[in-house]
Amino acid sequence: MDKLVAWAKQRGFVYPSSEIYGGFASIYDYGPLGVELISNLKELWWKNVVWKREDIEGIDGQILTHPKIWEASGHVDSFTDPLVDCKSCKKRYRADKILEEKLGVDKVAGKTLPELSLMLKDEEISCENCGAIDWTDIRSFNLLMECSIGVTEGEKRTVYLRGETCQTIFVNFENVLQSTRQKLPFGIAQIGKAFRNEITTKNFIYRTREFEQMEMQYFLHPSEADEKYEYWKSESMKFLQEEIGIDKENLRFRQHEPEERAHYARDAYDIEYNSPWGWAEFWGQHNRGDWDLKRHSMFSGRDLQYFDQERNEKYIPCVVETSLGVGRLALVTMLDAYHEEEIGEGDKKETRVVLKFSKKVAPIKVAVLPLMKKDELVKVSRQIFDKLNTKYACQHDVTQSIGKRYRRQDEIGTPYCVTVDFDSIEKDQAVTVRDRDTMQQERVKIEELEKWLDEKLLS
RNA sequence: GCGGGUGUCGUAUAAUGGUUUAUUAUAUCAGCCUUCCAAGCUGAGGAUAAGGGUUCGAUUCCCUUUACCCGCUCCA
C-alpha cells in the first residue's frame, strides 16, 4: 500500500491536497494521469448503464440541496450518531446502541441527547470493557456537511452539501418520468460528488470527506424488486471483470446482516475487494423498498404514486439501487493493476514495475518514441504522435535511452509503445509496436498503424 | 473526536546541540554519447512539516499546531 501511495504521487495519479500549506486532512487531488483514469472509469460506467439501455436515463443533480431533502431522507436523524466515551477506559460507544441492547429499541427511539444521558445513569449501564459507570456527556456528530447561502446576516440560511447523490434522483423522479415518456420499470443514473463529515478517514483515497458516486436507482413495481435486484448484482460483477478488468479472485459479494443495514435498506449486498488491509467494500447494492419516495411524498406533500396502466394499479414505486464510489473504484483498479515483475537473468536481473490496466482503463493508450533523439527520427515520431493524439491519449517521449522510456510507460500502464527507428525512414516505412505485458514487438507499417491500434484498443 | 506511532530534496535514506555548501542513491532537467528494454560521462535545480520556547548557538531538547499510519466508530 505504501508503495502504491508513493507511486501514485510520483507518477501523477493522486496528490495530497493543499500540500504546500501543510496538507488538508483526507482530501486528495487527482493529477494528470489520475484524471484520465477517473474519466475513463466514469465513461465506461456511463456507457454501460445509460447508453446501452433504453430504460435508463441520466441526470446531474447539484451539490447544494434543499434542507428538507435530508429530513425526508432520514439523514438529519440517522446520520447523527450519539457518541459517548467511558471516562475510565476511554472506550467509545454509540449511546443509542448500548441502551437499545439493555432496554429494547422502543424505549430509546426518539429520545433527545440529554434524555439519553440521563437514561445511561438511571439504568446503571456499565462499560462492557471495564465495568465502570462513568460516562462523558453524549455528543452528536452530524455527518452532513453544512454550508450557508446568502450574503447578509438576514438572508443567510443553512443548507447541506448532499450526503449522497441518490436523493437528487428521488426528488427528480417525477420530472424524468414526465420529460422522457419512460414508464415503470425504469432507472435514473447519476455521477456526482457527495460530502460527509466522517469521524475518521482512512486508507489513502478509500474513505474521504468529499467523494464521488456513480449510481443508478431503478424504479419498479414491488413484485419485480427481487428479480431486478439479482440482475443488477450480477451486472455489476460482470462490469468489474469484463470492462474494468479486475481479477475475479480479488472480488466477492457480501450480504449485510440485518442489524448493519442502513435505515432505508430491506436487503443489501456489497462487492468487496481483496485489499492490502483486508476485504474492502466499494460497491453497494440495496433493495430500498418504497422508503424513499414515500418519505419525499410525506415531507413535500406531493403525491409521488405512479399509475401503472398495464396493471391498472396506483402505487409508490420500489427502488433497487446500485451505487459505487469513483475514488474507491480508482483505488481498486490501481491496486489490482500494480505488479512488480522480475525480468532478466543472472547479473541483469531487475524488477519491473508494471501497471496492468485493461486497455479501456489505461490513462495513456499509446506512447510514441523515437529510438534516439535525432532530428530525423523525432520529426517522424512527432508526425505519428500528432495524428494519433486526436483519437487516443498519447505521450511523446524523447529523453534518455529507449529501454528507460519503455519502463516509464510500463509504470503508468501504457498498453503500446510505438518506436520509430532508422529503418522506419530509410527502408520499410514501418515502426515497432511493443506490447506492455509480453514486451514482444511487432513491425507495423506506418500507414496501417492507426487501423492496427483501433483493432487492439477499441475491441 | 479519543488512544498509540511517525514526519530530513519528487522517492528512499545518512548525520549532528556548533567546523565553511546537511550525506548518499534514485528520479527530474540540460549537454555529450548511444541503432530496441532502467548503460555511461559532465553539469544543474531540489529537503530538516509549520509556529513558538530553552540556548551564545536547535534539523537535534521542550511545547503547540498540522499531516500521515494503526485501533475505536462510520460509510460508497
Side-chain angles (χ1 to χ4, degrees), chain A residues 1-3 5-12 15-27 78-79 81 83-87 89-94 97 129 136 139-141 143 163-166 193-194 196-209 211-215 256 260 262 268 270-272 277 280-286 321-329 331-332 343-344 348 350-353 369-374 377 399-411 417 419-424 426 431-434 436 439-441 443:
Chain A
M1 189 66 183
D2 290 345
K3 275 185 187 168
V5 175
W7 164 85
K9 183 178 176 192
Q10 188 165 12
R11 291 292 156 189
Y15 308 129
S17 185
S18 312
E19 215 180 359
I20 61 168
Y21 291 109
F24 197 26
S26 100
I27 308 282
S78 78
F79 263 33
D81 298 333
L83 298 181
V84 66
D85 296 330
C86 170
K87 283 182 187 167
C89 70
K90 309 279 185 207
K91 194 164 160 61
R92 164 163 299 188
Y93 297 92
R94 291 245 327 239
K97 285 274 167 72
N129 186 43
T136 61
R139 281 162 304 165
S140 119
F141 289 94
L143 295 184
E164 58 184 20
T165 50
C166 61
K193 298 266 186 155
R196 286 179 201 170
N197 278 318
E198 298 288 351
I199 300 169
T200 48
T201 55
K202 213 181 169 183
N203 290 326
F204 194 35
I205 56 173
Y206 181 71
R207 188 197 292 168
T208 51
R209 297 198 170 98
F211 59 101
E212 192 160 31
Q213 295 183 303
M214 303 198 274
E215 58 170 37
H256 282 202
E260 64 173 317
D270 290 320
I271 298 179
E272 298 186 328
W277 67 92
E281 63 202 81
F282 68 104
W283 191 332
Q285 322 278 332
H286 297 114
E321 167 189 74
T322 178
S323 167
L324 76 154
V326 175
R328 287 188 179 182
L329 179 62
L331 178 59
V332 160
I343 57 168
K348 286 191 165 178
E350 59 187 331
T351 308
R352 175 174 89 126
V353 173
L369 317 167
L371 184 60
M372 286 189 299
K373 197 171 167 183
K374 297 276 186 212
L377 294 180
T399 62
Q400 303 183 56
S401 76
I402 188 69
K404 185 164 217 158
R405 282 176 278 158
Y406 285 151
R407 294 306 169 75
R408 275 189 198 140
Q409 296 302 326
D410 289 342
E411 272 199 42
C417 290
T419 304
V420 176
D421 58 25
F422 291 96
D423 284 350
S424 307
E426 286 162 7
V431 290
T432 2
V433 183
R434 178 238 191 210
R436 176 194 68 201
M439 302 201 289
Q440 298 299 307
Q441 302 185 335
R443 201 75 184 163

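Proteins come first, then strands; the chains are lettered A, B, ... in the order of their sequence lines, and each starts at number 1.
Using a 4.0 Å heavy-atom distance criterion, A:E272 is classed as making no nucleic acid contact. Nucleic acid contact class of A:F282 (heavy atoms, under 4.0 Å, all strands): sugar-phosphate only. Among the heavy atoms of the strands, none lies under 4.0 Å from A:S424. A:Q213 comes within 4.0 angstrom of the backbone, heavy atoms only, and of no base. A:R408 comes within 4.0 angstrom of sugar-phosphate atoms only, judged by non-hydrogen atoms across all strands, and of no base.
Put simply, CZ on A:R209 is 12 Å from C1' on B:A67, counting in whole angstrom units. Going from atom CH2 of A:W7 over to atom C1' of B:A38 covers 18 Å, rounded to whole Å. The separation between A:R407 atom CZ and B:U26 atom P is 16 Å, rounded to whole Å. The interatomic distance linking A:I402 (CD1) with B:C36 (C1') rounds to 6 Å, in whole Å. Rounded to whole Å, atom C1' of B:C68 lies 19 Å from atom OH of A:Y206. Going from atom OH of A:Y406 over to atom C1' of B:A39 covers 16 Å, rounded to whole Å. Following rounding to the nearest Å, A:R405 (CZ) and B:C36 (P) show an atom-to-atom distance of 12 Å. Following rounding to the nearest Å, A:E321 (CD) and B:C75 (P) show an atom-to-atom distance of 13 Å.
Among B:A76, B:C29, B:C37, the nucleotide with an atom closest to any side-chain atom of A:R328 is B:A76. Comparing B:U11, B:C75, B:A38 against the side chain of A:E281 picks out B:C75 as the nearest. Comparing B:C29, B:U11, B:A76 by their closest approach to the side chain of A:Q10 singles out B:U11.
A:W283 and A:T322 form a side-chain donor-acceptor contact under 3.5 Å, judged by distance and modelled atom types alone.
Remark: A:K373 engages no residue in a side-chain hydrogen bond (donor to acceptor under 3.5 Å, both in side chains) (not counting sequence neighbours). Residues satisfying the salt bridge (Lys or Arg N to Asp or Glu O under 4.0 Å) test with A:E272, not counting sequence neighbours, are A:R252, A:R254. The side-chain hydrogen bond (donor to acceptor under 3.5 Å, both in side chains) search around A:S424 returns A:D421, not counting sequence neighbours. Residues satisfying the salt bridge (Lys or Arg N to Asp or Glu O under 4.0 Å) criterion with A:R408, sequence neighbours excluded, are A:D397. With sequence neighbours excluded, no residue satisfies salt bridge (Lys or Arg N to Asp or Glu O under 4.0 Å) with A:R328. Residues satisfying the side-chain contact (heavy atoms from CB on, under 4.5 Å) test with A:E411, not counting sequence neighbours, are A:W7, A:R11, A:V353. Taking the side-chain hydrogen bond (donor to acceptor under 3.5 Å, both in side chains) definition, one finds that A:R352 meets it with A:E341, A:D410, sequence neighbours left out. Applying the side-chain hydrogen bond (donor to acceptor under 3.5 Å, both in side chains) test to A:T419 and every residue at least two apart in sequence or in another chain returns A:Y406.
For B:G18 and B:G57, the P atoms lie 14 Å apart once the distance is rounded to whole Å. Annotation: B:U23 and B:C70 have their C1' atoms spaced 31 Å apart (nearest Å). For the C1' atoms, the distance linking B:U64 with B:A76 amounts to 36 Å, nearest Å. Comparing the C1' positions of B:A14 and B:A25 gives a spacing of 11 Å, expressed to the nearest Å. For the C1' atoms, the distance linking B:G7 with B:U13 amounts to 14 Å, nearest Å. One P atom belongs to B:U21, the other to B:C2, and the distance between them is 44 Å to the nearest Å. Of the P atoms belonging to B:G31 and B:U11, the separation is 26 Å, rounded to the nearest Å. Taking atom C1' in both B:A38 and B:A49, one finds a spacing of 32 Å when rounded to whole Å.
In RNA chain B, the stems built from three or more successive Watson-Crick or G-U pairs (distances below 3.5 Å) are B:1-7 with B:66-72, B:10-12 with B:24-26, B:28-32 with B:40-44, B:49-53 with B:61-65.
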task: For A:K404 and A:T399, run side chain to side chain contact (heavy atoms under 4.5 Å, CB included): C-alpha distance rounded to whole Å, both residues' side-chain angles, the deciding distance at 0.1 Å, then the answer.
output: CA-CA 9 Å; A:K404 185 164 217 158; A:T399 62; over 6 Å; no

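Listed here is the closest heavy atom pair of A:P370 and A:R405: O-NH1, 2.7 Å.
A sub-4.0 Å separation between OP1 or OP2 of B:U11 and a side-chain N or O of A:K9 is present. Applying the 4.0 Å criterion to OP1 and OP2 of B:G10, one finds that A:R11 has every side-chain N and O outside that range.
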Show me the protein contacts with nucleotides 32-35 of chain B, counting only N or O atoms at under 3.5 Å.
none

Show the distances under 3.5 angstrom between N or O atoms of the protein and N or O atoms of nucleotides 43-48 of chain B.
none

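Residue A:T165 is tested with A:K193, A:E212, A:E215 for a side-chain hydrogen bond (donor to acceptor under 3.5 Å, both in side chains); the sole match is A:E215.
Note: A:Q441 CD to A:C417 SG = 9.5 Å, rounded to the nearest 0.5 Å. In this structure, the separation between OH on A:Y15 and CD on A:Q10 is 10.5 Å, given to the nearest 0.5 Å.
Both A:G403 and A:W283 lie near RNA chain B, and the one whose nearest nucleotide falls closer to the 5' end is A:G403.
A donor-acceptor contact under 3.5 Å is not formed by the side chain of A:R352 with the base of B:C37.
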